[in-house]
Novice: 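Dumping the structure here so I can ask a few things about it.
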Amino acid sequence: MPRMMKRPTLFTGCRIYGLAAEGEIFSSMMVGADGRIVRLIPAEASGAGTRGARGSDAGQPAAGLPEGAAGAREDCDIVDLGGKIVVPAFTDAHSHFMPKVALSALAVRLGRLENGRIMPDRLEGLAELLLAHARTIPRGPIFGYGAFADGLAERRLPTAAELDAWLPGRVVAIFAMDGHSSAYSTPAQRLFGFEKIARDGLLTGEAHEFNMGKVTDGIMKSLSLSALARGFSHAVGEAARSGLSTIHCLEGFDDAKSDPGLSILGLVAGHLQLRLKLYIQYTDPARLGPKLRLLSRRRVGGCLAWEMDGSISSRSAALERDYLDRPGHRGELYRSPDEAYGLIAPFVRSGYQTSAHAIGTRAIESVLSACERVLDETGDPSNAVRLRIEHFELPRPDQVERAGRRRIVTAVQPGFLWADSHFVHSYDEALDAETRELMTPLKSMHDAGCVLALSTDAPVQDFDPFVQIAGAVDHPFASERLTVYQALRAYSFGGAYAVFEEDERGTLEPGKFADFAVLDEDPFEVPRDRIHSLRVRETWVEGRRLETPPEDVFGFAASLLKRRGRKL
């Protein structure tokens, strides 16, 4: 648990959107020594009174404190936020945190948005980035991630022959932006045992998805203690700069007896100030036994072995119509509805919340029909167990209605669609008009009753919440846009609801923890087409500023020892 504050703290000099109700604005917030909100003072309140204030002492005298806050200055610490904007801290409802840590420490990012363009835009640009990175690592494997294959002039990842020519004799593995395709040099293929399955050094579809455990295991074993400390510091620092107080971590590979990523996460994560909530991506209940001690609640699933299909960018999402640029090809369905049911049902009967990846319409049908079936069998028609579908990117209208009726939690990443519509334009090449009209129908999902939980799929995307919020409020299809209020709640309350924490977090209300983000600009006032540029100045968790742990091993270890461990 975080250390107690010595005294209550009054946060003032700000505009606070608590998001418990639309239109409510507060100017000050009293937080108790336990990190919970005691009282919120409305923006219209003055020193003469506190009519409308939320809290146990609403209506009491307010003399002597800013914005009508009750109590004397000497009874609390005062933090003046200098006219900034306060919103509930964000919850990233879908990430792969340990790969984020590892790649932050070891790998080079191979794609970025620069002046309205995807860069680099040619394979030679990838080569330059890899060569520069290799000069910092004279020995050992070279890893790269985030390559926009559809944004390159060649429209593909490099082959093994090209990687061998760029970096002779080196183990090189690079991953596409969507995380569903990868490329390997000849030494890397030998190291990971991919010689017979990697055509020209490339993996996609099932060959990629169900072999990532080998690569991830290799990456984790490459991490020194100093690299681990650096990776955790970078990941937590990025979260703090993104307004995140909580991250849902979908981790674990191949039902492995030895899983270094999970082991490291179990040792470290519970001591971080940043709150991590773990979903274990194992499919064998027997293998979960020893790892259940890590969990505060039974959660299983996510991606990899829990994937029903691949992705649009890798042309492996399971569609109902052919890809425009691959006639006769509709993607790959990894599990039929019966197979999805066979995976999900045993866990739900044993008290687990499950989560499964589904992007294409056929994949959504597999997991949605399985969820409907098991909820009916267990007498839970309104989904009290809070079953999840990750991505939910191309649902038919009937699937949206069915998911909403069951209150399915949908962890969505509208930033993918927003970035593609502004910069990459690959969906126009891959999908016919009728299929594109199904893309991430947020307003339809919201209106139908789906629980929207915004997220980034990090490390596929950065933790930046405002790219996702831009995708929600500036959706390419105007009829599917959310309001700013709805988008912010989906990034705060939706994520809290998904892990049964809506009574503790997700909005700023008396009795809840003071998890909040401080912004320079008001998201309710900036133009819709500029909301992606908003930035977070500070993040507070339970009334304490979220600090980035040191990068050095000893400083990092000391920062962990300051906090008692907690379950994930």
Side-chain angles (χ1 to χ4, degrees), residues 94 96 99 175-182 192-194 196-199 202-216 250-256 279-285 287 300-323 326 328-348 352 354-374 387-396 399 403 408 410-413 416 430-431 435 438 457 460:
H94 181 119
H96 305 284
F175 307 95
M177 179 278 297
D178 63 3
H180 290 271
S181 299
S182 46
F192 297 124
F194 293 163
K196 295 181 179 180
I197 62 172
R199 182 179 179 183
L202 303 173
L203 289 183
T204 190
E206 289 186 82
H208 169 88
E209 323 292 9
F210 300 142
N211 283 287
M212 281 302 95
K214 298 174 184 176
V215 182
T216 302
L250 285 53
E251 313 287 336
F253 298 89
D254 300 337
D255 292 348
Y279 288 77
I280 301 178
Q281 298 176 139
Y282 283 15
T283 59
D284 183 353
R287 294 286 192 198
V300 69
C303 295
L304 298 173
W306 283 80
E307 290 175 352
M308 304 294 124
D309 65 348
S311 72
I312 296 169
S313 296
S314 291
R315 308 301 190 264
S316 50
L319 309 182
E320 292 185 322
R321 303 162 68 91
D322 291 355
Y323 285 95
R326 296 192 188 178
H329 176 65
R330 298 186 177 186
E332 303 175 49
L333 184 64
Y334 301 158
R335 294 182 187 271
S336 68
D338 284 343
E339 290 168 333
Y341 170 81
L343 174 63
I344 292 169
F347 284 105
V348 176
Y352 285 84
T354 66
S355 162
H357 163 123
I359 287 179
T361 310
R362 288 188 291 138
I364 289 171
E365 186 60 34
S366 282
V367 66
L368 178 58
S369 63
C371 289
E372 290 172 323
R373 184 174 167 186
V374 73
L387 301 183
R388 297 173 49 144
I389 301 178
E390 309 301 304
H391 309 302
F392 206 73
E393 200 161 342
L394 288 166
R396 297 188 310 260
Q399 292 173 329
I408 298 293
T410 51
V412 292
Q413 301 85 37
F416 285 133
L431 306 175
T435 302
L438 304 178
D457 201 7
V460 177

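Hydrogens, waters and symmetry mates are skipped; everything else that's a heavy atom, side chains included, is used. No experiment lies behind these values; they were computed from the predicted model shown.
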Novice: Not counting sequence neighbours, which residues clear side-chain contact (heavy atoms from CB on, under 4.5 Å) with D322? List them please.
Specialist: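 Expected list: R330.
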Novice: Under the side-chain hydrogen bond (donor to acceptor under 3.5 Å, both in side chains) test, which residues partner E320, sequence neighbours left out?
Specialist: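 Listed in chain order: R396.
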Novice: For Y334 and E206, does a side-chain donor sit closer than 3.5 Å to a side-chain acceptor?
Specialist: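 There is no such pair (donor and acceptor under 3.5 Å, judged by atom type) between the side chains of Y334 and E206.
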Novice: Report yes if some heavy atom in the side chain of R362 is under 4.5 Å from a heavy atom in the side chain of E332; otherwise report no.
Specialist: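 Counting from C-beta outward, R362 and E332 never come under 4.5 Å.
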Novice: Checking Y282 now: which residues fulfil ring pair (Phe, Tyr, Trp, His ring centres under 6.0 Å) with it, not counting sequence neighbours?
Specialist: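 By the ring pair (Phe, Tyr, Trp, His ring centres under 6.0 Å) rule, Y282 matches no residue at all.
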Novice: Could you work out, with side-chain hydrogen bond (donor to acceptor under 3.5 Å, both in side chains) as the rule, every residue matching E390, not counting sequence neighbours?
Specialist: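 If we apply the side-chain hydrogen bond (donor to acceptor under 3.5 Å, both in side chains) test to E390, skipping adjacent residues, the hits are H94, S355, R388.
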Novice: Which atom names give the shortest non-hydrogen contact between L368 and Q399, and what distance separates them?
Specialist: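 Taking L368 first and Q399 second, the nearest heavy atoms are CD2-O, 3.6 Å.
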Novice: Show the nearest heavy-atom pair for residues R321 and T435, with the distance to one decimal.
Specialist: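 Scanning both residues completely, I find the closest heavy atoms to be CD-OG1, 3.4 Å.
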Novice: Can you name the residues that form a side-chain contact (heavy atoms from CB on, under 4.5 Å) with A340, not counting sequence neighbours?
Specialist: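 So A340 forms a side-chain contact (heavy atoms from CB on, under 4.5 Å) with M308, S366, A370.
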Novice: Tell me every residue that passes side-chain hydrogen bond (donor to acceptor under 3.5 Å, both in side chains) with R326, counting only those two or more places apart in sequence or in another chain.
Specialist: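 Partners of R326 under the side-chain hydrogen bond (donor to acceptor under 3.5 Å, both in side chains) test: none.
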Novice: Find the distance between CG (L438) and CD1 (I364) and round it off to the nearest 0.5 Å.
Specialist: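 Reported to 0.5 Å precision, the distance equals 8.5 Å.
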Novice: To the nearest 0.5 Å, tell me how far D254 CG sits from M212 CE.
Specialist: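 So the CG of D254 and the CE of M212 are separated by 10.0 Å.
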Novice: With a 4.5 Å heavy-atom cut-off, do S311 and E393 have their side chains touching?
Specialist: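 The answer is no, as the side chains (C-beta and beyond) never meet within the 4.5 Å cut-off.
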Novice: How would you list, by chain and number, every residue that makes a salt bridge (Lys or Arg N to Asp or Glu O under 4.0 Å) with R287, sequence neighbours excluded?
Specialist: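 Here no residue qualifies.
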Novice: Rounded to the nearest 0.5 Å, what separates atom OH in Y341 from atom CZ in R335?
Specialist: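 One gets 15.0 Å once the value is rounded to the nearest 0.5 Å.
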Novice: Output all residues satisfying ring pair (Phe, Tyr, Trp, His ring centres under 6.0 Å) with F194, sequence neighbours left out; order by chain, then residue number.
Specialist: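 Ring pair (Phe, Tyr, Trp, His ring centres under 6.0 Å) list for F194, sorted by chain: Y184, F192.
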Novice: To the nearest 0.5 angstrom, please state how far the SG atom of C303 sits from the CG atom of D457.
Specialist: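 Taking SG in C303 and CG in D457, the distance rounds to 6.0 Å.
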Novice: So do the side chains of H180 and S313 get within less than 4.5 Å of each other, counting heavy atoms only?
Specialist: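 Sidechains of S313 and H180: no contact.
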Novice: Among residues at least two apart in sequence or on other chains, which ones pass side-chain contact (heavy atoms from CB on, under 4.5 Å) with A176?
Specialist: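 Scan of A176 (side-chain contact (heavy atoms from CB on, under 4.5 Å), adjacent residues dropped) gives L157, D178, S181.
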Novice: If you take all heavy atoms of I359 and A317, which pair is closest and at what distance?
Specialist: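 Minimum heavy-atom separation between I359 and A317: CG2-CB, 3.8 Å.
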Novice: So, for W306 and F347, is the gap between ring centers shorter than 6.0 Å?
Specialist: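 Yes, ring centres under 6.0 Å apart.
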Novice: How about I312 and F416: do any of their side-chain heavy atoms sit closer than 4.5 Å?
Specialist: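 Result no, sub-4.5 Å side-chain heavy-atom pair not found.
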Novice: With L319, which of L333, T361, L394 fulfils side-chain contact (heavy atoms from CB on, under 4.5 Å)?
Specialist: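 Result: among L333, T361, L394, L394 is the only option passing the side-chain contact (heavy atoms from CB on, under 4.5 Å) with L319.
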Novice: Who passes side-chain hydrogen bond (donor to acceptor under 3.5 Å, both in side chains) against Y323, sequence neighbours left out?
Specialist: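 Here no residue qualifies.
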Novice: Which residue pairs pass the salt bridge (charged side-chain N to carboxylate O under 4.0 Å, His left out) test with at least one member in residues 307-319, sequence neighbours excluded?
Specialist: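 Matches after skipping sequence neighbours: D150-R315, R315-D325.
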Novice: Hey, does the side chain of H208 reach the backbone of G179 with a donor-acceptor pair shorter than 3.5 angstrom?
Specialist: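 Here the side-chain-to-backbone pair exists.
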Novice: Do E251 and Q281 get their side chains close enough for a donor-acceptor pair, meaning under 3.5 Å?
Specialist: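 No, Q281 and E251 have no side-chain donor paired with an acceptor closer than 3.5 Å.
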Novice: Working to the nearest 0.5 Å, report the span between CD of E209 and CG of L304.
Specialist: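 Reported value, rounded in 0.5 Å steps: 7.0 Å.
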Novice: Which atoms form the tightest heavy-atom contact between A358 and I389, and what is the distance?
Specialist: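 Distance-wise, the nearest heavy atoms are CB-CG2, 4.1 Å.
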Novice: Who are the salt bridge (Lys or Arg N to Asp or Glu O under 4.0 Å) partners of R199, not counting sequence neighbours?
Specialist: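 Expected list: none.
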Novice: Does a side-chain heavy-atom distance below 4.5 Å link Y279 with T354?
Specialist: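 The answer is no, as the side chains (C-beta and beyond) never meet within the 4.5 Å cut-off.
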Novice: Keeping S369 on the side-chain end and E365 on the backbone end, is there a donor-acceptor pair under 3.5 Å?
Specialist: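 Yes.
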Novice: Looking at I197 and L203, what are the two nearest heavy atoms and their distance?
Specialist: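 Result for this residue pair: O-CD2, 3.5 Å.
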Novice: Can you give me the closest heavy-atom contact between C371 and I344, atom names plus distance?
Specialist: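 Nearest heavy atoms, C371 then I344: SG-CD1, 4.4 Å.
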